[in-house]
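See below for the structure under consideration.
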Amino acid sequence: MEPQKKKLKLEEHTDTDTVDNHHLAFHQFRAEKTILVNPQSKLIAVVGKFPSDPDSQGVIVAEKQPLTESSLSSMFSSDTKVTKSFQNDVYSQYILSCSGGVGEVKVTSVYPATEAHVKKYSEQSMVMVQETPNDYQTITKPFIDNNPLSVDWVYNILEGRSEVERVVYNDPDPDVGFVLLPDMKWDQGILENLYMLAVVHKRGILSLRELNAEHLPLLRNVLHKGKEMIREKYGLPAEELHCYLHYQPSYYHLHMHFSHLKYNAPRIFIGQSHLLDEVIDNIQLDSQYYAKRTISFIVKRDRPLFQCFQKHRP
Ligand code: M7G
């Protein structure tokens with residue numbers, strides 16, 4: 001026998017209809033409890049009831065629609081309200097309030113952009129590279145000397161020319177000091193997406209590869225003071241934070257990333273990130289640890305660095 005379909009709480013005028021053909025009357029739904037909020041998936045789930053059926057509960061899972069090419073015309077329309085968050089060198093960030101159902105969009109712009117920027121932001125397949133100490137000297141180091149993305153934006157931060165009001169902490173010591181501020185990728189809206197950047201004052205330390213025992217006081221200072229300042233400013237305890245370095249970085253001026261443990265931060269995965277705690281420990285065991293070891297890293301296939309590796313190690 002056909003199971004009897006329950007009469008659900010439908011739009012008022014369809015009270016006698018079944019669920020198959022009609023919308024739920026969302027305007028009548030009373031959310032009682034939020035059971036999941038996922039800012040990264042832009043998703044919320046709630047449990048609640050329709051007052052006209054107090055014996056039944058419903059779960060509603062709501063998810064924002066992703067942006068598509070058709071969203072662009074709304075975004076770039078003259079009706080869009082534009083609010084600037086910050087500008088540093090060629091980089092700037094805005095909140096666009098768009099019509100046409102697109103809503104609020106966080107926008108990062110690079111203008112004017114070089115070909116290297118276009119490649120950095122383009123979708124590409126990834127490849128794994130094993131970089132020996134000799135490869136570093138003969139391939140990576142010459143690449144860095146000739147082709148790096150400009151770090152003028154870093155100097156603007158260190159010298160107080162840009163993002164001054166965004167700085168959370170500045171230890172001006174030339175050897176162990178650093179500036180802590182929100183990463184361009186975090187709009188400071190949702191704590192679970194916390195993504196902070198610590199940029200060291202000392203110049204000339206290109207990356208993880210160049211770290212040794214001489215840098216231990218600097219690394220410890222960033223780790224401990226950075227966590228303390230994030231707790232003070234955002235109330236987030238140290239044990240809910242990641243602190244790590246990327247290898248390879250995009251910008252060759254030493255910097256560290258702090259992110260919320262719940263945040264699936266950009267390039268947090270194996271082959272790209274090195275926990276600062278472990279970096280310190282490795283250097284304590286052997287000052288030349290990062291000079292001597294082979295380091296594997298994942299890089300986009302079209303990035304100029306991978307092309308250099310292909311040229312030298314076809
Ligand atoms: P990376 O590991 O060198 O490169 O990190 P990635 O972008 O490939 O991860 C550099 C970090 O600096 C990134 O997380 C960027 O989002 C961040 N960043 C880059 N720029 C140009 C700026 C900027 O102008 N201001 C701030 N606050 N962060 C930036």
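A quick note: this is a predicted structure, and the numbers were derived from the prediction, not measured.
Expressed to the nearest 0.5 Å, how far CG of Leu72 lies from OG of Ser74 amounts to 9.0 Å. The structure places CZ of Phe309 at 13.5 Å from CZ of Arg303, a figure rounded to the nearest 0.5 Å. With rounding to the nearest 0.5 angstrom, the NE2 atom of His23 is 12.0 Å from the NE2 atom of His27. Remark: Leu197 CG to His257 NE2 distance equals 6.5 Å, nearest 0.5 Å. In this structure, CD1 in Ile144 is found 5.5 Å from OG in Ser207, a value given to the nearest 0.5 Å.
The shortest non-hydrogen separation linking Gln307 to Asp302 is NE2-O, 3.3 Å. Smallest separation of non-hydrogen atoms from Glu163 and Ile157: OE2-CD1, 3.6 Å.
In summary, Arg231 and Glu228 do not engage in a salt bridge, as defined by a charged side-chain N under 4.0 Å from a carboxylate O. A salt bridge does not link Asp171 with Lys225: none of the charged nitrogens is closer than 4.0 Å to a carboxylate oxygen.
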Decide yes or no on salt bridge (Lys or Arg N to Asp or Glu O under 4.0 Å) for Glu210 and Arg203, but give the supporting numbers first. CA-CA 12 Å; Glu210 308 226 317; Arg203 303 209 179 172; over 6 Å; no
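Aromatic pair Tyr251/Trp153: centroids less than 6.0 angstrom apart. Less than 6.0 angstrom separates the ring centroid of Tyr169 from the ring centroid of Phe178.
The aromatic rings of Tyr244 and His242 sit perpendicular, their planes meeting at an angle over 60°, well past the 30° parallel limit.
Relative to the six-membered ring of Phe50, Arg30 misses at least one condition, a distance below 6.0 Å or an angle of at most 45° to the axis.
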